[in-house]
Amino acid sequence: MKNIIITGASRGIGYDAAILLARQGHRVLALSRNEESLKALKAEAGERLDFLAFDLLQPDAEALIGKVKPMERVDILINNAGYLLKKPFEEITATDWNRVFGVNFLGPAHLVQLLRPYLERSERAHILNIGSMGGYQGSAKFPGLLGYSASKAAIANLTECLAEEWKEKNVACNCLCLGAVQTEMLAEAFPGFQAPVSAARMGAFITYFATEGHHFFNGKVLPVSVSTP
Ligand SMILES: NC(=O)c1ccc[n+]([C@@H]2O[C@H](COP(=O)([O-])OP(=O)(O)OC[C@H]3O[C@@H](n4cnc5c(N)ncnc54)[C@H](OP(=O)(O)O)[C@@H]3O)[C@@H](O)[C@H]2O)c1
């Protein structure tokens with residue numbers, strides 16, 4: 001039984017992954033802003049799941065640590081929350097940059113810093129960052145997704161660097177760069193495109209990788225895609 005924190009659990013991939021992890025018997029703390037959706041998640045996931053309404057752009061560290069302290073240690077942190085910015089480069093404002101990098105890079109980085117003492121208490125902890133094929137070097141790129149893709153490239157790079165910095169600690173860090181998955185975010189990014197993978201199926205894969213992947217990988221940025229986009 002692992003103690004797991006997952007962000008972006010109110011819908012999409014994170015919702016399905018959180019349910020599965022709780023049903024597998026892990027102790028799950030689910031984070032996202034929408035408290036009503038988190039209540040619905042808990043109703044479906046059951047006893048093993050607790051939740052906290054948490055905004056990555058305005059993190060309430062005290063409230064988070066209040067939930068984490070009784071867990072004593074964190075074995076797995078899944079940085080799954082994401083914000084899609086879809087705008088041509090020349091129209092991107094300072095607010096847009098702050099938001100896209102805030103949710104996709106600075107928020108997860110801050111979360112890792114906050115949780116470090118709890119991750120270090122795990123026998124073998126895993127930080128799993130959810131990136132995107134858009135942020136994977138050499139992949140196909142799409143107009144309007146520059147800000148989003150750059151923020152995902154940043155989290156992929158953080159993954160490699162953090163694994164190096166923390167290689168003496170018992171904390172592994174990996175990044176999965178997802179291809180198209182059928183969620184609200186995909187519908188916004190590529191209207192009308194039918195993804196070959198459902199949120200439930202990707203949620204199941206992430207669940208497996210989060211609990212097992214760090215025994216095989218550390219500091220790895222891995223493409224997880226069967227289509228373009
Ligand atoms: N779907 C795809 O095709 C695809 C492809 C590549 C990568 N990805 C990545 O996979 C991850 C999951 O994507 P998805 O498709 O499941 O997305 P989604 O359905 O749009 O869900 C995004 C999640 O992020 C949370 N979130 C957004 N802003 C937040 C904030 N400021 N603070 C806290 N939580 C916030 C949302 O919760 P609240 O609104 O309740 O806060 C929601 O739970 C993301 O990192 C995404 O970039 C997805």
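Both ligands and their constituent atoms are indexed starting at 1 by order of listing. Keep in mind that what you see is a predicted model, and the values were worked out from it rather than measured.
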Touching ligand 1 at all, [X]? Heavy atoms, strictly under 4.0 Å?
| X | result |
| --- | --- |
| S37 | no |
| K152 | yes |
| F54 | yes |
| G179 | yes |
| A195 | no |
| Y148 | yes |
| G131 | yes |

Check your understanding: If you group Ile, Leu, Val, Met, Phe, Trp and Tyr by side-chain heavy-atom gaps below 4.5 Å, do L77 and F205 land in one group?
Key -> no
Review point. Are V28 and I130 linked, directly or through other ILVMFWY residues, by side chains that come within less than 4.5 angstrom of each other?
Key: yes
[atom1] of [X] to [atom2] of [Y]: how many Å apart, nearest 0.5 Å?
| X | Y | atom1 | atom2 | value |
| --- | --- | --- | --- | --- |
| L106 | F101 | CG | CZ | 8.0 Å |
| I76 | N3 | CD1 | CG | 9.5 Å |
| D96 | Y148 | CG | OH | 15.5 Å |
| N129 | I127 | CG | CD1 | 7.0 Å |
| M1 | H26 | CE | NE2 | 9.0 Å |
| N80 | S32 | CG | OG | 10.0 Å |

Exercise for review: Please work out whether any backbone atom (N, CA, C, O) or any side-chain heavy atom from C-beta onward of N104 is under 4.0 Å from ligand 1, and answer side chain, backbone, both or neither.
Suggested key: neither
Check your understanding: With a distance cut-off below 6.0 Å to the six-membered ring centre and an angular limit of 45° from the axis, does R121 pair with Y118 as a cation-pi contact?
Key -> yes
Check your understanding: Do R99's NZ or CZ and the ring of Y83 fall within the cation-pi criteria of under 6.0 Å and 45°?
Key -> yes
Look only at interatomic distance and state if [X] has a nitrogen or oxygen under 3.5 Å from any nitrogen or oxygen of ligand 1.
| X | result |
| --- | --- |
| S132 | no |
| I13 | yes |
| L186 | no |
| E184 | no |
| V103 | no |
| Y83 | no |

Point to revise | Salt bridge present between E120 and K169 (N-O < 4.0 angstrom) | key: yes
**Study point:** Check ion pair K86-E188 (N to O, under 4.0 angstrom)
**Key:** no
[atom]: nearest protein contact (heavy atom, Å):
| atom | result |
| --- | --- |
| atom 31 (N) of ligand 1 | D55 OD1, 2.9 Å |
| atom 23 (C) of ligand 1 | G8 CA, 3.7 Å |
| atom 26 (N) of ligand 1 | A81 CB, 4.0 Å |
| atom 41 (O) of ligand 1 | R33 NE, 2.7 Å |
| atom 3 (O) of ligand 1 | V181 N, 2.8 Å |
| atom 11 (C) of ligand 1 | N80 O, 3.0 Å |
| atom 15 (O) of ligand 1 | T183 OG1, 2.5 Å |
| atom 42 (C) of ligand 1 | S10 OG, 3.5 Å |

Check your understanding: Which residue from R11, E188, Q58 reaches closest to atom 21 (O) of ligand 1 through any of its heavy atoms?
Key -> R11
Check your understanding: For R124, does the CZ atom have more than 12 heavy-atom neighbours from other residues, nucleotides or ligands under 6.0 Å away?
Key -> yes
Review point. Is the count of non-hydrogen atoms from other residues, nucleotides or ligands lying under 6.0 Å from F193 atom CZ greater than 12?
Key: yes
Point to revise | Parallel, tilted or perpendicular, as decided by the 30° and 60° cut-offs, for the rings of F89 and W97 | key: perpendicular
[X]: numbered ligand 1 atoms lying under 4.0 Å from its heavy atoms:
| X | value |
| --- | --- |
| A180 | 3 (O) |
| I130 | 9 (C), 10 (O), 11 (C), 45 (O) |
| L56 | 30 (C), 31 (N), 32 (N), 33 (C) |
| L178 | 5 (C), 6 (C), 7 (C), 10 (O) |
| M185 | 15 (O), 17 (O), 20 (O), 46 (C), 47 (O) |
| A9 | 43 (O) |
| G82 | 22 (C), 24 (O), 27 (C), 44 (C), 45 (O) |
| N34 | 40 (O) |

Check your understanding: Does any N or O in the side chain of T7 come within less than 3.5 Å of the main-chain N or O of A81, such that one atom is a donor and the other an acceptor?
Key -> yes
Review point. Which heavy-atom pair separates V112 from L119 by the least distance, and what is that distance?
Key: O-CD1, 4.3 Å
Practice item. Could you pull out the closest heavy-atom pair between A195 and L186, with the gap in Å? Key: CB-CD2, 3.5 Å
